[in-house]
Protein chains: 2
Amino acid sequence: MSTRDTVLAAAQRLLTTDPTASMAQIATAAGVGRATVHRHFASREDLLHEIGVRSLERWAESQRAAGLAEVVAAGDADRIRACLEVLIDAFVVDADEIGIALTDPTVLNAPDLRERADALFTQEVTLYAAAQDAGVLRADVPARWLGHSLYGLLIAVRDALVSGDIARRDAEALVRSTFLEGGAAR
Amino acid sequence: MSTRDTVLAAAQRLLTTDPTASMAQIATAAGVGRATVHRHFASREDLLHEIGVRSLERWAESQRAAGLAEVVAAGDADRIRACLEVLIDAFVVDADEIGIALTDPTVLNAPDLRERADALFTQEVTLYAAAQDAGVLRADVPARWLGHSLYGLLIAVRDALVSGDIARRDAEALVRSTFLEGGAAR
DNA sequence: CTCACATGAGACAGCGGTGTCTCAAGTTGG
DNA sequence: CCAACTTGAGACACCGCTGTCTCATGTGAG
């Protein structure tokens, strides 16, 4: 792994727990000198931006891997269900890695990242809308609300894992099941 | 409203949108001088701590107003359902007000606040557990997970409101319905 | 071996935020 | 009217972080 990637990974990890971590702390966490960090990233903002870009690429890759576009075009209920499942699992796996990108002001306020994130969210909402049409997801709530609620569950699963309230191996199933069936008894 | 309360309210509002807002920005938002802020709060940490205390009091008050303790003791399914509803509505109303207290590192890392928040969460989980026993909430997931997932939905509703994806008047119903029934079609 | 290159360590100036202080200008209550 | 109190504005020193620079060290390729 290149020094650049080492720094990037350490920053992603550290900033998730402490968004205010300084460049010096990031350098220490990466096991490199502070000057070296600046050699690879002109400024703190640059570093955050790069993390944002990578996180969005990861997100886009998840959508691609789940075959989102084709599934939406097909509109088949079973395929939609499977696609949702794949997508949720990918999210849970990436939750802590792309966490900062979803919450840090520096990342959120970068216009280009904001735009790409909106595009990805909107892209994803097409799946929810298709799911509503196919009778997979309930149609009495806005499709975009379904997107937000899944995002909220990702925050929840991260917290639950940190506080040790759920087992890592159960995480995907809990999110899937809660997103679809909710918490009420049957 | 006392100057102190004015500052507190402005800080709560401002910090929700920008957690890194400086004391000067807070002072401006409150319409007072920077020195005045420091007259009422010895340090930035003090101010944050006070906000945390108030948010936790609000939370505790919501539990009291919903009669949580008595409902848990009674264990009656209908009363549990009603209690949940009242609690969720109160959360949605307070979501943006106590938002910072749930995310800001300064608040989260204060040991005394951390302890009180844990106590309140645990208290609330007794309701979820009682709801599971009474057949109101599903019993095949950890009670604490239900707590986390509701918390996640609060984050979601705040985001959805900010981005204009849902109407304010629909917020409570969406959270209630999504928490209980999930997103799958029936 | 030698050169090119990346690195660690440290020094440095600049910047913005913090917390303290003072002083002049209201405001309130007796 | 007057005294006590509160405020706004500004000045100030302090601190930590940022970004730049230099220099010595180490390492790999030729």
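First the proteins, then the strands, lettered A, B, ... as listed; each starts at 1.
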(message) In this structure, how many angstroms lie between the P atom of dG19(C) and the CG atom of L48(B), rounded?
(response) 11 Å

(message) Distance criterion of 3.5 Å, no angle test: do you see the side chain of R34(B) paired donor-to-acceptor with the base of dG10(D)?
(response) no

(request) Could you tell me whether the side chain of R39(A) has a donor or acceptor atom within less than 3.5 Å of a complementary atom in the base of dG19(D)? (result) no

(request) Measure from CD on Q25(B) to P on dT18(C) and round the result to the nearest Å. (result) 9 Å

(message) Just the rounded figure in Å: distance from P of dC5(D) to CZ of R4(B).
(response) 19 Å

(request) Report yes if at least one side-chain N or O of H40(A) is closer than 4.0 Å to OP1 or OP2 of dA6(C); otherwise report no. (result) no

(message) With clusters defined by side-chain heavy atoms of hydrophobic residues (ILVMFWY) lying less than 4.5 Å apart, directly or transitively, does I155(B) cluster with L174(B)?
(response) no

(request) Take atom CD of E61(B) as the centre, draw a 6.0 Å sphere, and report whether it contains more than 12 heavy atoms from other residues, nucleotides or ligands. (result) yes

(request) Classify the side-chain pair E124(A)/Q63(A) by whether it contains a donor and acceptor separated by less than 3.5 Å. (result) yes

(message) For F121(A) and H148(A), take the angle between the two ring planes, folded into 0 to 90°, and tell me which bin it lands in: parallel under 30, tilted 30 to 60, perpendicular over 60.
(response) tilted

(request) Compare the minimum distances between each of dG17(C), dT7(C), dT20(C) and the side chain of H38(B), then state the nucleotide with the smallest one. (result) dT20(C)

(request) Measure from CZ on F41(A) to P on dC17(D) and round the result to the nearest Å. (result) 20 Å

(request) Nearest-nucleotide wise, let me know which of V32(A) and A21(B) is further upstream toward the 5' end of DNA chain C. (result) V32(A)

(message) Given dT7(D), dT7(C), dA9(D), identify the nucleotide with an atom nearest to the side chain of A35(B).
(response) dA9(D)

(request) Look at T3(A) and dA6(C) and indicate whether a side-chain polar atom (N or O) is within less than 4.0 Å of OP1 or OP2. (result) no

(request) Nearest whole angstrom, please: distance from the C1' of dG16(C) to the CE of M23(B). (result) 15 Å

(request) Describe the nucleic acid contact of R44(B) in one word from base, sugar-phosphate, nothing, applying a heavy-atom distance below 4.0 Å. (result) sugar-phosphate

(request) Find which nucleotide of DNA chain D each of S43(A) and T36(B) is nearest to by heavy atoms, and output the residue with the more 5' nucleotide. (result) T36(B)

(request) Please determine, by modelled atom types, if S177(A) and R138(B) share a side-chain donor-acceptor pair under 3.5 angstrom. (result) yes

